[in-house]
2 protein chains.
Amino acid sequence: MGEERLFADEVGVVLSGMGMPAAFGKLMGWLLICDPPQQTSTQLAQSLGLSKGSVSTGMRALEQLGMVRRVPARGRGYAYEMLPDALVRTVDARRLYLVIHDVMQKGIEVLGGDESLPRAQRLRVTRDFYAFVAERVPQLIDEFARKEGLSQRRKDG
Amino acid sequence: MGEERLFADEVGVVLSGMGMPAAFGKLMGWLLICDPPQQTSTQLAQSLGLSKGSVSTGMRALEQLGMVRRVPARGRGYAYEMLPDALVRTVDARRLYLVIHDVMQKGIEVLGGDESLPRAQRLRVTRDFYAFVAERVPQLIDEFARKEGLSQRRKDG
DNA sequence: CACAGCGTTCAGAACTTTCTAAACCTTAAT
DNA sequence: ATTAAGGTTTAGAAAGTTCTGAACGCTGTG
């Protein structure tokens, strides 16, 4: 088994340690180093020893996260290709931050809606922090993109 | 069942949706709004309908993450109290970013160690990005802490 | 029109994780 | 020293998730 395959498996273990499916991580690891960068589902299944079903599910997830795109393949169908800034995008999940923001707001309301209440302190700080993060993370990513010369156009949400 | 309990349960659902144990989220939600802020294991188990074991495990995790601290309790033992900036701390998990950084570095080595290789682009960008994030996130947290007037002293690691 | 190649969906098996309950240990008061 | 209260650990049950393999649908080709 090649070193590249071993690398893919290792990414699988790392991601699995973060609470995601192992197949998801394997696919990610493989797409990060494979040659050519474009791979069909069949190729992925064979290269990684995964069932077609696992590949289908995993690639759907990667696509939904915006880490992977489909490109036309020679002949019929399409192939998958990882974007150069795939993992950069995962940090840009503002929705995640806002979920926490909203829960904290709800907590304040449970306490009566008075933010100055001592009991509401923890909730308020947390809420404001996640609003802050949701605002700043995109800026951070832009800064990095500029520094790297990535042509990263940002659509604000 | 009180609204506060419902809020705790809801946080449990949200956290569970992010891949963490539900009991963990329940404890977090409860500690965010409970009165008084100090709670013993027994109180937590009763208030949330959890077994003593679940509380013990969950509180260990919360303590290890630095979100909760023990305070002396009247009489014997201690009580738990959530820190005002508990959730701020969770974002400061630099180790997490560096894990990804290291995996990317390993991938570059699998490819022969030549970063200028086209095939190594994705790996290099990702590696550099996570180094960037690991450097900037602490700054971001400091900025927020200053703005909020939180006495957040930072030890650099 | 029939066929071959691909990809998706779905049901079940295997696995991992979480929760509980009971036994055990520690601490403090009498 | 004994006892009662509280906390931790552990084994086992319960629940949830992921993976696979087979059936299905679609698309283009001969």
Side-chain angles (χ1 to χ4, degrees), chain A residues 5 8-31 34 36 38-65 68-82, chain B residues 5 8-31 34 36 38-65 68-82:
Chain A
R5 166 66 188 280
D9 286 356
E10 181 167 349
V11 176
V13 171
V14 170
L15 271 282
S16 144
M18 294 178 177
M20 343 210 67
F24 185 90
K26 280 188 179 189
L27 288 165
M28 223 175 84
W30 183 258
L31 286 167
C34 63
Q38 300 80 19
Q39 300 270 312
T40 65
S41 289
T42 307
Q43 287 174 317
L44 291 168
Q46 284 179 349
S47 303
L48 293 169
L50 293 172
S51 71
K52 292 198 291 179
S54 293
V55 172
S56 180
T57 306
M59 291 312 293
R60 171 120 41 100
L62 283 167
E63 205 185 353
Q64 197 135 5
L65 285 171
V68 148
R69 69 171 177 192
R70 302 179 187 222
V71 298
R74 172 193 308 271
R76 175 172 47 277
Y78 36 79
Y80 292 103
E81 182 185 58
M82 174 161 282
Chain B
R5 167 65 187 280
D9 286 355
E10 181 167 347
V11 175
V13 172
V14 169
L15 270 283
S16 143
M18 295 179 178
M20 341 210 67
F24 185 91
K26 281 188 177 188
L27 288 165
M28 223 176 83
W30 183 257
L31 286 166
C34 63
Q38 298 82 20
Q39 299 271 312
T40 65
S41 288
T42 306
Q43 287 174 317
L44 291 168
Q46 283 179 351
S47 303
L48 294 169
L50 292 173
S51 71
K52 291 199 289 180
S54 294
V55 172
S56 181
T57 306
M59 292 313 293
R60 171 122 39 101
L62 283 167
E63 205 184 353
Q64 197 135 5
L65 285 171
V68 148
R69 69 170 178 191
R70 302 178 185 221
V71 298
R74 171 193 306 272
R76 176 175 40 277
Y78 33 76
Y80 293 102
E81 183 186 56
M82 175 161 281

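In what follows, every heavy atom counts, from backbone to side chain, and hydrogens, waters and symmetry copies are set aside. Computed from a predicted model, the values in this text were never measured in an experiment. Labels below follow one simple rule: chain letters A, B, ... track the order of the sequence lines, proteins then strands, and each chain is numbered from 1.
- For B:Pro21, counting side-chain heavy atoms from C-beta on, the closest listed nucleotide (C:dC19, D:dT9, D:dG6) is C:dC19.
- Nearest heavy atom pair, residue A:Thr40 against residue A:Tyr78, reads CG2-O, 4.0 Å.
- When heavy atoms are screened at a 4.0 angstrom cut-off, B:Ser56 is found touching base atoms of the nucleic acid.
- As a whole-Å value, the separation of B:Leu50 CG from C:dA21 P is 11 Å.
- Rounded to whole Å, atom P of D:dT20 lies 13 Å from atom NZ of A:Lys52.
- Considering only side-chain atoms of B:Thr40, the nucleotide from C:dG7, D:dG7, D:dT8 that sits closest is D:dG7.
- The side chain of A:Ala23 lies closest to D:dC19, out of D:dC19, C:dT9, C:dT8.
- Applying the side-chain hydrogen bond (donor to acceptor under 3.5 Å, both in side chains) test to residues at least two apart or on different chains, the pairs with a partner in residues 13-30 of chain A are A:Trp30-A:Gln39.
- When rounded to the nearest whole Å, the span between CE of A:Met18 and P of D:dT18 equals 17 Å.
- Side-chain atoms of B:Arg5 come within 3.5 Å of backbone N or O of B:Leu48 as a donor-acceptor pair.
- Straight-line distance from the CE atom of A:Met20 to the C1' atom of C:dT16: 16 Å, rounded to whole Å.
- Considering only heavy atoms from C-beta on, A:Val55 stays 4.5 Å or farther from A:Lys52 through its side chain.
- Atom C1' of nucleotide C:dT26 and atom CZ of B:Arg70 are separated by 13 Å, given to the nearest angstrom.
- Remark: B:Thr42 is in phosphate contact with D:dG7, judged by side-chain N or O atoms under 4.0 Å from OP1 or OP2.
- Atom C1' of nucleotide C:dT20 and atom CG of B:Leu44 are separated by 17 Å, given to the nearest angstrom.
- Separating the CG atom of A:Asp9 from the P atom of D:dC19 is a distance of 12 Å, rounded to the nearest angstrom.
- In this model, the phosphate group of D:dT8 is approached by a side-chain N or O of B:Tyr78 to a distance below 4.0 Å at OP1 or OP2.
- Here A:Phe24 lies out of heavy-atom contact (under 4.0 Å) with every strand.
- The CG-C1' distance, from B:Leu15 to C:dT18, rounds to 15 Å in whole Å.
- The side chain of A:Ser54 lies closest to D:dC19, out of D:dC19, C:dG7, D:dT8.
- Regarding contacts with the backbone of C:dT9, a side-chain N or O of A:Arg60 is found under 4.0 angstrom from either OP1 or OP2.
- The minimum heavy-atom distance between B:Leu27 and B:Ser54, with the atom names listed, is CD1-O, 4.4 Å.
- At a threshold of 4.0 angstrom between heavy atoms, the contacts of B:Gly49 are confined to the sugar-phosphate backbone, with no base atom among them.
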